[in-house]
Amino acid sequence: QRTIYKQCKRTPERIARLEVLGFEWDPLDAAWEEMFQALVAFKAREHHCNVPQGWAENPSLGSWCGTQRKTHRKHELSPDRIARLEALGFEWDPIEASWEEMFQALIAFKAREHHCNVPMGWAENLSLAIWCSRQRTNYKKGKLNPERIARLDALGFEWDPFESAWEEMFQLLSEYKVREHHCNVPYSWPDNPVLGNWCSYQRRAYRQGKLSAERIARLEALGFEWDLLESAWEEMLQALIEFKAREHHCNVPIGWAENPWLGSWCRN
């Protein structure tokens, strides 16, 4: 009946009878309309057209959206359908759209926090830190296009936040050294509890052979001591040498006023 109709060989009376019955001359067009209306309803509820694949309420809708994108890429989708989908806010490349959305979220984060190091599990946008991590992974694998790299660089995005964090702590240690004339930051130092922990971590990494030669050299140039106990022993020995030079013996009294620790050290 459809073939004859298309060839204009069907009588008006038969056309009328079939149409009264609800007969569809183009079932593919009718199916498209049905799915388009389902997409309209989805958009009204979700405020976007990115239907997930296998969406529980209508498993076919996500696949249909995928088919529209594929047909569009092949230049096989009619201008009328393209216009209707675009008027609805349909995105032809949802991955690109998603990247843009997350990039805008990162811009907002940077404006507020003055850096791009989004913490994992950040309550305001749980996906943002994961997205940032994915950008770093893709960058290391050479899978991030130059245009995206440039945009992230312009924002001050750090490709290796661990390197950046190390540099920040090293600068704090440098400032501590200028003030205190040594690098032996006490564990849980009240002014910056993290700095003492960081110094402890550098020593542990050094003992385990996990600290790079470049970092070892920079810390040693600053006067960083790898073994605080050994360093403390040497310091007390020098104090004892000075005591002996003055007093001509090594029997430092406990609680000696000039150095209350020296007598206890001798006893130990």
Side-chain angles (χ1 to χ4, degrees), residues 109-110 112-122 129-130 132-137 139-141 152-153 155-268:
F109 179 90
K110 169 76 182 285
R112 200 174 81 180
E113 304 296 331
H114 311 296
H115 64 82
C116 295
N117 299 324
V118 185
M120 276 294 178
W122 185 49
I130 296 169
C132 289
S133 178
R134 190 177 302 120
Q135 305 316 300
R136 293 181 179 108
T137 301
Y139 176 79
K140 287 172 187 170
K141 291 180 179 179
L152 287 164
D153 280 340
L155 193 61
F157 189 78
E158 291 167 353
W159 300 107
D160 189 340
F162 295 109
E163 178 67 29
S164 174
W166 195 93
E167 280 297 333
E168 183 181 344
M169 296 307 290
F170 182 80
Q171 290 307 313
L172 289 173
L173 180 62
S174 300
E175 293 167 13
Y176 179 91
K177 169 73 182 288
V178 169
R179 198 174 84 179
E180 304 294 333
H181 310 295
H182 64 82
C183 295
N184 301 328
V185 185
Y187 199 78
S188 298
W189 180 47
D191 285 12
N192 187 340
V194 177
L195 187 56
N197 295 345
W198 181 83
C199 290
S200 178
Y201 179 80
Q202 303 313 302
R203 294 182 178 102
R204 184 162 65 249
Y206 175 80
R207 287 195 300 273
Q208 295 172 349
K210 294 180 179 179
L211 201 60
S212 72
E214 186 260 346
R215 287 183 176 177
I216 291 170
R218 289 179 68 190
L219 286 165
E220 288 180 347
L222 196 62
F224 191 80
E225 292 165 352
W226 300 110
D227 189 335
L228 288 181
L229 295 178
E230 179 66 28
S231 172
W233 195 90
E234 282 296 334
E235 184 181 341
M236 295 308 286
L237 178 66
Q238 290 306 313
L240 182 60
I241 289 170
E242 292 168 12
F243 179 89
K244 169 73 182 288
R246 199 173 79 180
E247 305 295 333
H248 311 295
H249 64 82
C250 293
N251 300 323
V252 185
I254 293 291
W256 181 48
E258 292 191 29
N259 188 336
W261 299 106
L262 188 55
S264 299
W265 179 83
C266 290
R267 182 180 62 188
N268 289 336

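Note that this is a predicted model, so its numbers are computed, not measured.
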pair Tyr139-Gln135: side-chain heavy atoms closer than 4.5 Å: no
Minimum-distance pair of heavy atoms, taken over all atoms of Lys177 and Leu222: NZ-O, 2.5 Å
Rounded distance (nearest 0.5 Å) linking atom SG of Cys132 with atom CZ of Phe109: 8.0 Å
Gap between atom CD of Glu168 and atom NE2 of His115 - 0.5 Å precision: 9.0 Å
Any donor-acceptor pair under 3.5 Å from Ser133 side chain to Ala129 backbone: no
Least distance between heavy atoms, Cys116 atom then Lys110 atom: SG-CD, 3.8 Å
Phe157: partners by ring-ring contact (aromatic ring centres under 6.0 Å, His included), with sequence neighbours left out: Trp159
Student check: side-chain heavy atoms of Asn192 and Tyr176 closer than 4.5 Å: no
Side chain to side chain, Glu242 and Asn259, heavy atoms closer than 4.5 Å: no
Closest non-hydrogen atom pair between Leu173 and Cys199, with its separation: CD1-SG, 3.9 Å
Minimum-distance pair of heavy atoms, taken over all atoms of Leu195 and Met169: CA-CE, 3.5 Å
Test log, rule side-chain contact (heavy atoms from CB on, under 4.5 Å), inputs Arg203 and Arg207: CA-CA 6 Å; Arg203 294 182 178 102; Arg207 287 195 300 273; 3.9 Å; yes
Reported CD-to-CD distance for the pair Gln171 and Glu175, which is rounded to 0.5 angstrom: 7.0 Å
Val185 side chain near Leu172 side chain, heavy-atom distance below 4.5 Å: no
Parallel, tilted or perpendicular: ring planes of Tyr206 versus Trp226, cut at 30 and 60 degrees: parallel
Expected output: side-chain Ser200 to main-chain Gly196 donor-acceptor under 3.5 Å: no
From CH2 (Trp198) to CH2 (Trp166), nearest 0.5 Å: 5.0 Å
Trp256 side, atom CH2; Glu247 side, atom CD - distance, nearest 0.5 Å: 6.5 Å
Ionic contact status for Arg218 with Glu214, cut-off 4.0 Å: yes
Over all atoms of both residues, closest heavy-atom pair of Phe243 and Leu262: CB-CD2, 4.2 Å
Side chain to side chain, Glu167 and Glu158, heavy atoms closer than 4.5 Å: no
